[in-house]
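These notes concern the structure reproduced below.
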Amino acid sequence: MLLTDLQSWGFHTLPQSTNVTNNEAVKAVADPSAVVDLAQLEARIAGCTLCPLSAQRKNIVFGAGDHHAALVFVGEAPGREEDQQGFPFVGEAGQLLDKILYAMKMTRDEVYICNVIKCRPPSNRDPQPEEINACEPFLQQQLKLIKPRVIVALGRFAAQTLLQTKTPISRLRGSWHEYQGIPLMPTFHPAYLLRNPSGKRDVWEDMKQVLSRLSGR
Ligand code: URA
């Protein structure tokens, strides 16, 4: 049917089908090998409605940085600022992450930053298991495409999701783990550090291990 036919019948705006774009997200989950790069993956999940968080989001926060970074930081989920701007860690916790990067003599452009969940949970509540399940394949694909040498899991949700464990972050942090053969260092989330500044010393110890690993020491 032609658009002009619809207009002649009095349809001046086309009905929105959420499935048109969502099909792309479903395809990206069903056939990960068909996704060739991060730009294509990001395009596929635009409009995703695989979980209820899509109803309230302003922007999907896919991730940002070097698509071939040696180091990837994985956080929890976008907050208010991230939802508004569409970029990860641009709020208060992000300013602390910038300071951590500065201390590591790195910039955001040299690393890749993303989250387990790509859409903001209302009132910044914890992500629910079904939301993590719906979104996790996209994180898996991001990591597969980037092929980093080291992953830093920021906080409980990133560490427990990537390592498939329920062990508390306080026990996971500080030692090396593995995600699909990639060395993974869990550490405290910057938002936790804002509430518990004494944890910064531990995070710095963890980041020193990350730097040694990256420099091949
Ligand atoms: N906290 C996160 O885990 N991710 C963000 O992008 C911002 C805050």
Side-chain angles (χ1 to χ4, degrees), residues 38 41-42 45-46 48 51 53-54 56-67 69 71-104 106-143 146 148 150-163 165-166 168-170 172-173 177 179 184-197 199-200 202-203 206-207 210:
L38 286 184
L41 179 61
E42 184 168 10
I45 71 171
C48 173
C51 88
L53 294 181
S54 57
Q56 290 178 42
R57 69 162 179 247
K58 280 204 172 63
N59 285 294
I60 292 179
V61 180
F62 180 72
D66 181 354
H67 289 195
L71 177 59
V72 172
F73 289 86
V74 181
E76 179 179 318
R80 192 166 53 93
E81 292 293 324
E82 290 78 18
D83 178 51
Q84 269 166 11
Q85 296 184 39
F87 294 102
F89 283 97
V90 289
E92 215 185 338
Q95 286 170 19
L96 187 47
L97 181 58
D98 283 336
K99 287 188 184 154
I100 294 169
L101 284 170
Y102 184 76
M104 296 172 81
M106 288 179 159
T107 64
R108 278 184 183 243
D109 293 346
E110 295 171 66
V111 300
Y112 192 83
I113 304 173
C114 60
N115 288 301
V116 175
I117 297 275
K118 312 299 186 212
C119 298
R120 182 193 181 200
S123 316
N124 297 347
R125 63 150 169 75
D126 286 349
Q128 301 301 296
E130 59 274 18
E131 295 158 0
I132 295 177
N133 289 342
C135 221
E136 196 185 348
F138 303 132
L139 174 62
Q140 290 167 346
Q141 287 178 55
Q142 280 175 306
L143 294 171
I146 298 169
V150 173
I151 298 169
V152 171
L154 296 168
R156 167 163 79 106
F157 283 96
Q160 292 184 345
T161 302
L162 289 169
L163 298 175
T165 178
K166 296 247 183 294
I169 184 69
S170 54
L172 291 171
R173 66 142 290 277
H177 300 258
Y179 168 82
L184 182 149
M185 175 60 72
T187 197
F188 291 131
H189 193 286
Y192 168 86
L193 296 181
L194 292 171
R195 300 187 302 273
N196 302 277
K200 287 180 190 174
D202 287 334
V203 171
D206 301 344
M207 293 309 104
V210 167

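Keep in mind that what you see is a predicted model, and the values were worked out from it rather than measured. In what follows, every heavy atom counts, from backbone to side chain, and hydrogens, waters and symmetry copies are set aside. One-based numbering, in listed order, for ligands and for the atoms of each.
Between Glu131 and Lys118, none of the side-chain N atoms (NZ, or NE/NH1/NH2) sits under 4.0 Å from a carboxylate O, so this pair counts as no salt bridge.
Heavy atoms of His189 approach ligand 1 to within less than 4.0 angstrom.
With a 4.5 Å cut-off on side-chain heavy atoms, Tyr102 and Thr107 do not count as touching. Residues Ile117 and Glu76 form no side-chain contact, since every pair of their non-hydrogen atoms from C-beta on lies 4.5 Å or further apart. Put simply, the side chain of Glu136 does not reach to within 4.5 Å of the side chain of Val116, judged on heavy atoms.
For Ala77, every heavy-atom contact with ligand 1 shorter than 4.0 Å involves the backbone, none the side chain. Only the side chain of Glu82 comes within contact range of ligand 1, with a heavy atom under 4.0 Å; no backbone atom does.
For ligand 1, the atoms closer than 4.0 angstrom to any heavy atom of Pro88 are 6 (O). Here is the list of ligand 1 atoms found below 4.0 Å of a heavy atom in Glu76: 2 (C), 3 (O). Ligand-side atoms of ligand 1 in range of Gly75: 3 (O), range being under 4.0 angstrom from any heavy atom.
The residue from Val61, Asn115, Asp83, Val74 that puts a heavy atom closest to atom 4 (N) of ligand 1 is Asn115.
The distance criterion of under 3.5 Å between nitrogen or oxygen atoms is not met by Ala93 with respect to ligand 1.
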Check against salt bridge (charged side-chain N to carboxylate O under 4.0 Å, His left out), Arg108 and Asp66: CA-CA 8 Å; Arg108 278 184 183 243; Asp66 181 354; over 6 Å; no
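Looking at residues two or more places apart in sequence or on another chain, you find a ring pair (Phe, Tyr, Trp, His ring centres under 6.0 Å) between Phe188 and Tyr192.
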